[in-house]
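What follows is a set of notes on a single structure, which appears directly below.
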Amino acid sequence: MTTGNFFAIGEQKAFVAFSHGRFDKMEKYTPQEIEKKWQKVWEDEAVYKTERDDSRKKYYALEMFPYPSGNLHMGHVRNYSIGDVVARFKTMQGYNVLHPMGFDAFGMPAENAAIEHGIHPAKWTKDNIANMTAQQKGMGLSYDWDREAITCNPDYYKWTQWLFELVYKKGLAYKKAATVNWCDKCGTVLANEQVVDGKCWRCDSPVVKKDLAQWFFKITDYADRLLKDLSLLKGWPERVKTMQENWIGKSAGLEFSMEIPELGESVAVYTTRPDTAFGITFLALAAEHPLVEKICAKSDKADEIKAFCEKVRQTSDIERTAGDADKEGVFTGLYCINPFNGNKAQIWVTNYVLAEYGTGAVMGVPSGDQRDWLFAKKYGIDIILTLQPKGAKLKLADMTAAYVEKDGELVNSGRFTGMEMHAAMDAIMDEAEAKGFGKRRINYRLRDWLISRQRYWGAPIPIIYCDKCGEVLVPEEELPVKLPEDVKFESGAKSPLATSKEFVECRCPKCGGAARRETDTMDTFICSSWYYLRYTDPKNDSAPFAKGDVNYWAPVDQYIGGIEHAILHLLYSRFVTKVLKDEGLVDFAEPFTNLLTQGMVIKDGAKMSKSKGNVVSPEEIIGKFGADTARLFILFAAPVERDLEWSDEGVEGSFRFLSRVWRILDIKADAINSGNDAYDAATLTADEKKLRGQLHRTIKKVTVDIGERFMFNTAISSCMELVNHLYTFQDKELNPDLARETAKNLLLMLAPFAPHITEELWSKFFVGSVHKQSWPKCDEAATVENEIEIVVQVNGKVRDKLVIAADADKTAQEEAALALPKIKELTAGKTVVKVIVVPKKLVNIAVK
RNA sequence: GCGGACGUGGCGGAAUUGGCAGACGCGCCGGAUUUAGGAUCCGGUGUCUUACGACGUAUGGGUUCAAGCCCCUUCGUCCGCACCA
């Protein structure tokens with residue numbers, strides 16, 4: 001028998017001659033041997049190699065590439081199993097499918113390994129990638145490995161640096177001194193998106209504030225488009241879109257200025273409730289507001305103010321954002337003027353106004369804002385009522401909270417008194433604009449993306465500092481700026497790159513004078529914000545990708561990954577795609593047309609983790625049962641979007657099912673082999689027709705379940721039902737033609753789930769690779785049943801059943817139901833009020 | 001506090017459009033086979049009831065000939081947002 005290719009027909013016959021007969025003569029299902037064999041064949045024969053073909057319809061299936069931690073975990077197995085089903089199914093449906101894999105290979109753990117064990121990050125990463133790739137290959141995934149992208153390779157990060165330069169040239173990258181999020185444990189800064197509940201997203205340790213000069217990407221310039229285009233993403237979960245919407249946090253309001261006579265200056269405030277402006281009794285400043293210093297120069301309370309600000313600055317984000325954090329402040333002794341009515345308002349420095357949002361100064365309206373209410377009550381600040389429900393009278397003395405409804409009528413508001421709230425809002429903004437002290441303004445919660453990292457294992461920022469020329473981009477032809485080898489891996493406020501003399505010292509590209517390189521590296525989220533584009537043209541060394549390739553393959557038709565990236569990676573990728581679109585480098589504005597967020601794999605009700613000791617290793621499971629069983633179980637045990645409870649018994653069940661498939665095809669091997677591919681189904685017995693009917697109903701269901709509903713669990717369960725049905729023929733004659741038809745279609749349907757066993761069985765009976773076949777078609781005629789069972793209800797309760805010709809009309813169905821002895825008995829002596837007939841389903845008789 | 005998702009046997013889950021609730025799998029019980037065990041094959045398995053039958057999809061109500069599905073109420077679980085002015 002030849003290896004490295006599929007069996008020829010003669011050889012199949014030889015196999016069958018050997019295998020027919022009773023159980024004890026059978027060849028056992030040994031996944032370990034079969035899987036290795038076919039993985040080698042697929043690789044040798046380049047079965048999953050993909051090429052662009054403009055005459056064919058493409059489909060791009062993608063799973064989020066992993067960080068090379070060293071080992072696959074069950075979450076990866078689930079992710080890749082889902083993606084592989086999609087890719088194989090679409091291939092069988094005739095699409096030209098792109099299904100690539102790679103590694104998000106820059107990042108902290110590699111560097112920590114260097115610090116702790118003295119292994120170079122590059123070596124650590126390379127070894128881990130080798131190990132994980134072997135595990136991925138052991139799963140039998142249909143990747144085109146020739147397209148692999150590894151972000152830490154110079155031929156990849158060259159283009160990450162190129163992307164930085166593009167963003168820079170568009171004026172969307174800038175360096176500025178700012179108060180930034182700092183994670184002590186990681187020894188680096190973090191973008192806002194990477195701080196979760198005041199803690200580092202990666203290591204969970206508290207984030208502190210630090211003043212540093214850092215590089216930013218102006219993602220805020222794209223805030224509105226990132227928000228608006230969410231509506232284009234029909235194939236995204238609503239949940240993810242809502243999260244992005246919240247994150248962007250658009251609000252519309254008025255920015256206006258208030259004079260501070262004692263300083264001869266004015267202060268800008270932003271509000272979404274200009275309708276309440278006549279109720280201003282104080283001004284609340286953030287402790288970090290620039291005006292605070294000037295106030296201190298004038299105020300006799302300078303010491304008290306300074307002490308308060310210091311205290312606020314010391315407070316961590318976790319404490320500051322705690323829901324019940326106390327509102328505190330100090331009165332500065334100074335006043336500002338409400339431009340709407342000329343009233344004086346006390347200026348307070350507070351702990352509840354955010355410096356980063358709006359203008360860092362807020363008008364205090366105790367009657368219309370709960371926070372201001374609490375603050376005013378605490379410090380005895382005046383309260384003026386300006387809004388009340390229509391037709392009702394509010395009395396300040398009776399109120400226990402601010403009136404915050406966006407509904408009602410204005411009071412105590414000068415010429416606006418009596419106006420409906422929304423009309424007043426517009427009128428007040430009109431007045432502010434007309435008089436020139438205010439302007440309508442849109443505000444976003446989204447901040448610019450902080451992209452510098454004080455770490456070694458990342459793509460160096462391609463910037464050179466020259467004393468004469470200032471900040472200069474490294475010329476494109478000199479990219480990549482490679483990572484130096486002679487560094488000291490120590491965590492601290494400075495990047496390890498700063499310890500490499502060879503790296504830091506350079507010539508200015510403009511004037512040729514002595515200059516220094518930027519020593520920060522880029523956030524790894526930049527590397528992963530464009531990798532899906534690189535797959536379309538992974539070996540290109542003159543551009544990140546060719547336009548023809550990227551526009552043929554991308555955008556990604558189906559993206560699959562965890563919900564944890566709902567904001568981070570998915571927001572950054574959308575931003576980068578839009579920048580590239582504006583630059584004319586890609587033709588699409590959104591990178592991922594459809595998004596599937598898979599659920600977690602849990603055990604004993606909790607996420608698998610080393611500390612809980614509930615980790616199940618994929619390697620172990622695959623070693624014991626084979627990859628097909630592991631894949632099948634993980635797809636069968638729960639719908640893809642829901643969390644999946646791991647069950648060792650369930651895995652055995654999946655193995656049992658595959659063994660049953662193996663066995664029944666072996667039992668029927670003679671029939672399958674002697675059957676014809678084309679035959680007249682009319683000659684089948686009644687039992688056989690039933691089997692054939694189920695076969696084609698199964699094809700129909702599986703096609704819909706995989707292709708339209710992503711219900712892989714029910715697709716598999718209907719295949720199980722079909723196999724159960726086939727077993728009713730195990731000791732009975734089965735028409736060879738039908739046996740062949742059933743085996744063929746069953747293998748085709750199972751091929752995306754269990755690629756190895758189906759390939760092995762296919763090779764015993766059919767020619768070529770099962771993975772190169774077309775997806776089966778349902779013969780509608782076969783699914784039609786001659787007789788159907790009808791449910792007969794009396795007053796909505798099932799009382800009997802009725803078998804009737806499938807083409808019986810409504811009247812015949814009703815008559816047959818009423819003629820049933822049991823129904824006659826139940827309706828005797830009662831009045832039939834109504835008879836509802838649902839054709840081919842049920843008859844319901846309402847009686848009194 | 002606000003927004004969203006979810007709640008079905010002992011367990012994972014199914015029911016796609018308002019039409020037999022519990023498909024399929026696990027577990028459990030029984031039978032066949034076997035020297036035995038295991039494996040395998042077959043059958044059973046929501047609850048109560050001797051049976052007839054009654055009850056049953058978190059809770060209480062409503063719409064309907066008919067509700068797991070639609071409407072309202074309450075409870076619970078999970079997720080997101082939360083001093084964003």
Side-chain angles (χ1 to χ4, degrees), chain A residues 23-24 28 197 237-240 242-247 249-251 253-254 269-274 276 284 286 320-327 350-354 356-365 368-372 374-375 443-446 563 566-567 632-633 636-639 641-654 656-657 659-660 663 701 704-705 708-709 711 713-724 727-728 730-731 789-801 833-847:
Chain A
F23 286 17
D24 50 345
K28 254 187 91 183
D197 292 331
E238 221 40 62
R239 196 152 77 106
V240 176
T242 307
M243 283 165 77
Q244 292 216 355
E245 200 180 312
N246 286 342
W247 188 259
K250 180 177 181 169
S251 79
L254 178 75
V269 299
Y270 173 75
T271 179
T272 55
R273 294 298 303 274
T276 64
R320 275 218 219 186
T321 52
D324 50 358
D326 261 348
K327 284 160 192 46
T350 72
N351 68 346
Y352 75 94
V353 173
L354 302 174
E356 320 89 66
Y357 184 80
T359 61
V362 175
M363 64 180 204
V365 183
D369 184 289
Q370 186 57 21
R371 293 154 300 181
D372 298 344
L374 292 172
F375 191 75
N443 228 334
Y444 297 94
R445 210 185 75 118
L446 181 70
I563 188 84
I567 294 178
L632 192 79
F633 168 71
F636 174 65
E641 300 214 74
R642 228 185 289 176
D643 284 352
L644 181 153
E645 173 74 29
W646 185 267
S647 151
D648 289 329
E649 293 80 13
V651 178
E652 284 173 38
S654 292
R656 209 170 296 152
F657 168 68
S659 305
R660 268 168 76 77
R663 220 175 294 122
K701 180 165 169 55
V704 172
D705 280 357
E708 291 165 34
R709 303 204 310 144
M711 291 287 279
N713 54 334
T714 54
I716 293 166
S717 83
S718 22
C719 290
M720 287 173 168
E721 286 179 82
L722 180 61
V723 171
N724 289 347
Y727 262 87
T728 63
Q730 63 177 317
D731 297 320
E789 197 182 58
I790 303 275
V791 173
V792 184
Q793 300 178 327
V794 177
N795 286 343
K797 289 199 169 131
V798 181
R799 295 301 178 187
D800 207 350
K801 283 172 189 178
V833 185
K834 201 173 175 185
V835 180
I836 289 100
V837 181
V838 181
K840 299 188 185 186
K841 276 206 175 127
L842 104 175
V843 176
N844 187 10
I845 303 148
V847 295

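The figures here come from the full heavy-atom set of this structure, side chains too, leaving out hydrogens, waters and symmetry mates. In what follows, chains are A, B, ... by sequence order, proteins preceding strands, each numbered from 1. On a predicted model such as this, the values are computed, not experimentally measured, just so you know.
- Atom P of nucleotide B:G25 and atom CD of A:E652 are separated by 15 Å, given to the nearest angstrom.
- B:U63 makes up no base pair with any nucleotide shown, lacking Watson-Crick or G-U wobble contacts both under 3.5 Å.
- In this structure, A:Y352 and A:F375 have tilted ring planes: the angle between them lies in the 30° to 60° band.
- RNA chain B is contacted by both A:D705 and A:K834; A:D705 maps to the nucleotide lying nearer its 5′ end (nearest heavy atom per residue).
- Comparing B:U16, B:A85, B:U40 by their closest approach to the side chain of A:V362 singles out B:A85.
- The separation of B:G9 from B:G3, taken at their C1' atoms, amounts to 33 Å, rounded to a whole angstrom.
- Taking atom P in both B:G46 and B:G80, one finds a spacing of 38 Å when rounded to whole Å.
- Between A:S654 and A:D369, it is A:S654 whose nearest contact on RNA chain B lies nearer the 5' terminus.
- Within 4.0 Å of A:Q793, counting heavy atoms only, lies at least one base atom of the nucleic acid.
- Summarising the geometry, atom NZ belonging to A:K701 is positioned 7.0 Å from atom CE belonging to A:M711; distances are rounded to the nearest 0.5 Å.
- Here A:R660 reaches the OP1 or OP2 of B:C41: one of its side-chain N or O atoms lies under 4.0 Å away.
- Distance check, rounded to the nearest 0.5 Å: CG of A:D800 to CD1 of A:I790 gives 12.0 Å.
- Using a 4.0 Å cut-off, some side-chain N or O of A:Y357 falls inside it from OP1 or OP2 of B:A85.
- Listed for the A:S718 side chain is a donor-acceptor partner under 3.5 Å among the backbone atoms of A:T714.
- Relative to the side chain of A:A637, the nucleotides B:G12, B:C42, B:G27 differ in distance, and B:G12 lies closest.
- Distance alone, capped at 3.5 Å, is enough to place a donor-acceptor pair between the A:D372 side chain and the A:V365 backbone.
- Among the heavy atoms of the strands, none lies under 4.0 Å from A:D372.
- Within the 4.0 Å cut-off from OP1 or OP2 of B:A85, not a single side-chain nitrogen or oxygen of A:R445 is found.
- Distances were taken from every side-chain heavy atom of A:Q730 (C-beta onward) to each of B:A85, B:A15, B:C42; the shortest belongs to B:C42.
- As rounded to whole Å, 14 Å separates atom P of B:U33 from atom CG of A:D731.
- Across B:C11 and B:G62, the matching P atoms stand 30 Å from one another, rounded to whole Å.
- Listed nucleotides: B:A14, B:C41, B:U16. Nearest to the side chain of A:R642: B:A14.
- Base pairing analysis places B:U47 opposite B:A54; the two distances defining the Watson-Crick or G-U wobble pair are each below 3.5 Å.
- B:C71 and B:C78 have their C1' atoms separated by 25 Å, given to the nearest Å.
- Remark: C1' of B:G25 and CD of A:E645 are 15 Å apart, rounded to the nearest angstrom.
- Side-chain contact, A:S251 with A:Y444: no donor N or O sits under 3.5 Å from an acceptor N or O.
- Straight-line distance from the CG atom of A:N246 to the P atom of B:G1: 18 Å, rounded to whole Å.
- Here B:C69 sits opposite no nucleotide as a Watson-Crick or G-U wobble pair (both hydrogen-bonding atom distances under 3.5 Å).
- Counting non-hydrogen atoms under 4.0 angstrom, A:F633 reaches nothing in the nucleic acid.
- For B:U74 and B:A21, the C1' atoms lie 25 Å apart once the distance is rounded to whole Å.
- Candidate nucleotides B:G12, B:C20, B:G19 were compared by shortest atom distance to the side chain of A:N844, and B:G19 ranks first.
- For A:K801 against B:C20, a side-chain N or O and a base N or O form a donor-acceptor pair under 3.5 Å.
- Nearest to the side-chain atoms of A:M720 among the listed nucleotides B:U40, B:U16, B:C24 stands B:C24.
- B:C6: Watson-Crick or G-U partner is B:G76, with both key distances under 3.5 Å.
- Nucleotides B:A15 and B:G61 have their C1' atoms positioned 25 Å apart, rounded to a whole Å.
- In the set B:C41, B:U16, B:C65, B:U16 carries the atom at the smallest distance from any side-chain atom of A:K701.
- Nucleotides B:G68 and B:G43 are separated by 29 Å at their C1' atoms, to the nearest Å.
- At the phosphate of B:C41, OP1 or OP2 sits under 4.0 Å from a side-chain N or O atom of A:Y727.
- Per the geometry, CG belonging to A:L722 stands 18 Å off P belonging to B:A23, to the nearest Å.
- Set against B:G19, B:G13, B:A85, the side chain of A:K841 has B:G19 as its closest nucleotide.
- The listed nucleotides are B:G12, B:G13, B:G53; the one nearest the side chain of A:F636 is B:G12.
- Base pairing analysis places B:G12 opposite B:C24; the two distances defining the Watson-Crick or G-U wobble pair are each below 3.5 Å.
- The side-chain tip of A:R445 does not point at the ring of A:Y357 from less than 6.0 angstrom away and within 45° of straight on.
- If you check every strand for non-hydrogen atoms under 4.0 Å, A:S251 touches sugar and phosphate atoms only.
- When heavy atoms are screened at a 4.0 angstrom cut-off, A:N443 is found touching no nucleic acid atom at all.
- B:A32: Watson-Crick or G-U partner is B:U40, with both key distances under 3.5 Å.
- Here, B:C29 and B:G53 have their C1' atoms 25 Å apart, quoted to the whole Å.
- In this structure a side-chain-to-backbone donor-acceptor pair under 3.5 Å is missing from A:N844 to A:K797.
- A:L632 places its CG atom 11 Å from the P atom of B:C26, with the value rounded to the nearest Å.
- Note on A:M711: only backbone sugar-phosphate atoms sit closer than 4.0 angstrom, heavy atoms only; bases stay farther off.
- Classified by its glycosidic torsion, B:G9 falls in the syn category, the angle being within 90° of 0.
- No engagement by A:V269 is indicated, since no non-hydrogen atom pair under 4.0 Å with the nucleic acid exists.
- For A:K250, the NZ atom counts as densely surrounded, since its 6.0 Å shell holds more than 12 non-hydrogen atoms of other residues, nucleotides or ligands.
- Rounded to whole angstrom, the span from the CD atom of A:E641 across to the C1' atom of B:G80 amounts to 16 Å.
- Among the heavy atoms of the strands lying under 4.0 Å from A:R239 are primed sugar atoms or P, OP1, OP2 only; no base atom is included.
- Side-chain atoms of A:I836 lie closest to B:G19 of the nucleotides B:C26, B:A14, B:G19.
- Side-chain N/O atoms of A:K797 include one lying less than 4.0 angstrom from OP1 or OP2 on B:C55.
- Separating the CZ atom of A:R273 from the C1' atom of B:C83 is a distance of 16 Å, rounded to the nearest angstrom.
- A:N795 places a side-chain N or O within donor-acceptor distance of the main-chain N or O of A:V847, the cut-off being under 3.5 Å.
- Across all strands shown, nothing is found opposite B:A82 as a Watson-Crick or G-U wobble partner with both distances under 3.5 Å.
- Within 4.0 Å of A:E789, counting heavy atoms only, lies at least one base atom of the nucleic acid.
- The residue A:G653 sits close only to the backbone: its heavy atoms come under 4.0 Å of sugar-phosphate atoms, none of a base.
- A:T272 comes within 4.0 angstrom of sugar-phosphate atoms only, judged by non-hydrogen atoms across all strands, and of no base.
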